[in-house]
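The chain is numbered in sequence order, starting from 1. Hydrogens, waters and symmetry mates play no part in the numbers below; they use all other heavy atoms, side chains included.
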Amino acid sequence: MKGRLSVAVTVAVFVALLIGSAHAEAKKETGKKEYVGSETCKKCHKIQYESWKETYHSKMVRKPSEGILKAVVEKWATDGATPGPVTGNVTGKPFKMEDVVYVIGSNWKQRYLVKDDTTGGYQFLDKQFNRMSGKWEKYGNKNDWDTMCATCHTTGYRLTAYDPANPKAQKAEWSELNIGCETCHGPGAMHVKSKSKKDIWNFAGKSFDEKSLVCGYCHIRVENELYKSAQGNPREDLPAPKIGDSYKPSDDWRKWYPEHVVIPGVQSEDKIDADYAGDLKGLFVTDNAAKAIGVYSAGKHHQEYQELLQSAHYKKGAAGCIDCHSPHATKKEARKDPKKTCAGCHDASYTFEKYMPGTGKTADNLFLRTHTFVKENADRKGGPTASGQPEYNKK
């Protein structure tokens, strides 16, 4: 916990004020009509849409019939050594493969959601499938997905009801599963009606910081003391501060409720090399090599923004997220291949394998590449990373 003065009292008062002013809005499902969905965007932006459909942004959350891995179906009972998932992490009740409502992910690993009948939300099963090893691994997240992860796995996520004294009763909704067009461009209803570029958020013309901040909203690890999961634990995401509102790409989420959220490397008081507990434990690699240069690569996944902030790329304004990555193609430009972008600024000795070893653990013996880009990374032995294209089960 952050340990700031009167945090608990302040949190309760703050949330109570939000609830008092927002219940009427929540009942009206304010904001739902703001979002039109990626299928609507497709009508005028076919190239962008079709190239986005090829990305993992569009494939984060799917029904089993659309996205469960073929190997998972074959090994559901056992991978030959380890039994597959059998119980819900929150309720401890038994479940079968037919009970799975959604599958989460597919490139690195895959997790499985079933209903939590105690809250009406979704809970994880007790195992995840490692696509690289083809093995089942323990997975212990004992929080409802829709009150811990859905903010970044959906588009237009909003809390519609929240009582700090009874987080189990909170309600949430979203406009679309997965990271759709409006996640990065904002709600599109006005734009669809007016056809004006002024009525949609675009990266063109935005500052270097503004553009990176959009990606940073989800590619980050935090501990949220203001909002709790349905099970009463600090959340690992950042719901909008006003009940009934959704995150917009124009929002500076760093200023939302800074006294109630721990964001190492972003909030000045939350030192990046501090010894944290809970989900933030092991946040960064803090070995002697890292301490010597004062730059810390991720020890866990989805921390790219916190790594980027430490890099010369960011500090000099030389390169941000969309300089190496693109969520979709445009009429003028194909989607970038991040493996080839180093050559645009550096000589052939600069390769992503050399300067971006895998340090952020995402599954057993499987690591995401660091985004600190320091020379010292060339001497750091990184772990294996995922490669290849997963094979989905087609029913």
Quiz prompt | Stepwise side chain to side chain donor-acceptor pair (under 3.5 Å) test for T147 and D144 | solution = CA-CA 5 Å; T147 64; D144 278 11; 5.1 Å; no
Quiz item: Under the disulfide (SG to SG under 2.5 Å) criterion, do C41 and C181 qualify, and how do the steps go?
Solution: CA-CA 7 Å; C41 303; C181 307; 4.0 Å; no
Quiz item: Could you walk me through whether T91 and Q123 pass the side chain to side chain donor-acceptor pair (under 3.5 Å) check?
Solution: CA-CA 8 Å; T91 63; Q123 63 177 317; 3.1 Å; yes
Self-check item: side chain to side chain contact (heavy atoms under 4.5 Å, CB included) evaluation trace for W256 with V261
Solution: CA-CA 9 Å; W256 274 357; V261 62; over 6 Å; no
Practice problem: Begin from the C-alpha positions of D279 and R221 and carry the test salt bridge (charged side-chain N to carboxylate O under 4.0 Å, His left out) through to its verdict. | Solution: CA-CA 9 Å; D279 182 64; R221 190 173 291 273; 2.9 Å; yes
Self-check item: salt bridge (charged side-chain N to carboxylate O under 4.0 Å, His left out) assessment of R158 paired with E173
Solution: CA-CA 6 Å; R158 62 177 59 80; E173 64 182 29; 3.5 Å; yes
Self-check item: CA sep, side-chain torsions, deciding dist, call: E54, R335, salt bridge (charged side-chain N to carboxylate O under 4.0 Å, His left out)
Solution: CA-CA 10 Å; E54 297 172 355; R335 276 181 54 218; 3.8 Å; yes
Quiz item: Under the side chain to side chain donor-acceptor pair (under 3.5 Å) criterion, do Y102 and R62 qualify, and how do the steps go?
Solution: CA-CA 5 Å; Y102 294 114; R62 286 179 288 179; over 6 Å; no
Exercise. Apply ring-ring contact (aromatic ring centres under 6.0 Å, His included) to Y314 and F208, showing your working.
Key: CA-CA 9 Å; Y314 182 85; F208 178 78; 5.4 Å; yes
Self-check item: Step-by-step side chain to side chain donor-acceptor pair (under 3.5 Å) determination, S58 to N178
Solution: CA-CA 5 Å; S58 74; N178 299 305; over 6 Å; no
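Closest approach of G134 and D79 over heavy atoms only: O-CB, 3.8 Å. When all heavy atoms are compared, the tightest approach of G37 to E176 is CA-OE1, 3.6 Å. The two residues W174 and T155 make their nearest non-hydrogen contact at CB-O, 3.6 Å. What you find for V285 and Y296 is that their closest heavy atoms are O-CD2, 3.3 Å. Listed here is the closest heavy atom pair of P167 and A165: CD-C, 3.7 Å. The two residues E269 and P258 have their closest heavy-atom pair at OE2-O, 4.4 Å.
Side-chain N/O atoms of Y257 and E259 include no donor and acceptor closer than 3.5 Å. Checked by atom type, the side-chain pair E236/N224 shows no donor-acceptor distance below 3.5 Å. T370 and E307 share a side-chain donor-acceptor pair at under 3.5 Å.
In terms of modelled atom types and a separation under 3.5 Å, the side chain of T183 and the main chain of I179 share no donor-acceptor contact. Side chain of H313 to backbone of A318: no donor-acceptor contact under 3.5 angstrom is found. Side chain of E304 to main chain of C215: no donor-acceptor pair is present (N/O by atom type, distance under 3.5 Å, no hydrogens or angles). Under a 3.5 Å cut-off, the side chain of Q306 and the backbone N or O of P264 do form a donor-acceptor pair. Counting only distance, with no hydrogens or angles, the side chain of T362 and the backbone of L366 share no donor-acceptor pair below 3.5 Å. Y217 places a side-chain N or O within 3.5 Å of a backbone atom of L238 that can act as its donor or acceptor partner. Checked by atom type and distance alone, the side chain of S246 pairs as donor or acceptor with a backbone atom of Y157 at under 3.5 Å.
Between the OG atom in S38 and the CD atom in Q48 there is a gap of 12.0 Å [rounded to 0.5 Å]. With rounding to the nearest 0.5 angstrom, the CZ atom of R111 is 13.0 Å from the CH2 atom of W145. One distance of note links CD1 of I263 with CD1 of I272; it measures 12.0 Å at 0.5 Å rounding. Note that OG of S51 and CD of E333 are 11.0 Å apart. Values are rounded to the nearest 0.5 Å. Taking CZ of F203 as the start and SG of C184 as the end, the distance is 5.0 Å to the nearest 0.5 Å. To the nearest 0.5 Å, atom NE2 of residue H371 and atom OG of residue S297 are 10.5 Å apart.
In this structure, the salt bridge (charged side-chain N to carboxylate O under 4.0 Å, His left out) partners of K255, at least two apart in sequence or on a different chain, are D252. The salt bridge (charged side-chain N to carboxylate O under 4.0 Å, His left out) test applied to D209 returns R254, not counting sequence neighbours. In this structure R235 satisfies the salt bridge (charged side-chain N to carboxylate O under 4.0 Å, His left out) test together with D237, sequence neighbours excluded.
You'll find the side chain of N365 stays beyond 4.5 Å of the side chain of E137, heavy atoms only. Side-chain atoms of W136 and P85, non-hydrogen and from C-beta on, do get closer than 4.5 Å to each other. Two residues are said to be in side-chain contact when any heavy atoms from C-beta on lie closer than 4.5 Å; K53 and Y49 meet this criterion. Side-chain contact check for F373 versus M356: some heavy-atom pair is nearer than 4.5 Å. Using a 4.5 Å heavy-atom cutoff, the side chains of L125 and F95 are in contact. Taking the side chain as every heavy atom from C-beta outward, V61 and T154 never approach each other to under 4.5 Å. Between F124 and N143, every side-chain heavy-atom pair lies at or beyond the 4.5 Å cut-off. A 4.5 Å side-chain heavy-atom check between Y139 and K109 finds every atom pair outside the cut-off.
A cation-pi contact links K206 to W201, judged by a cut-off of 6.0 Å to the six-membered ring centre and 45° from its axis. In this structure, K115 forms a cation-pi arrangement with Y122, its terminal cationic atom sitting closer than 6.0 Å to the ring centre and no more than 45° off the ring axis.
In the hydrophobic clustering of this structure, M132 groups with L368; members are Ile, Leu, Val, Met, Phe, Trp, Tyr whose side-chain heavy atoms approach within less than 4.5 Å, directly or through other members.
Centroid-to-centroid, the aromatic rings of W76 and F129 stay 6.0 Å apart or farther. Taking the six-membered ring for Trp and the full ring otherwise, the centers of Y305 and W253 sit less than 6.0 Å from each other. Between Y227 and Y162, the distance from one ring center to the other falls under 6.0 angstrom.
By the neighbour-count criterion of 12 heavy atoms within 6.0 Å, atom NZ of K248 is densely surrounded, having more than that number from other residues, nucleotides or ligands.
The SG atoms of C218 and C152 are placed within less than 2.5 angstrom of each other.
The aromatic rings of H57 and H219 sit tilted relative to each other, their planes meeting at an angle between 30° and 60°.
With respect to K336 and D323, no salt bridge is recorded, no charged nitrogen being found less than 4.0 Å from a carboxylate O.
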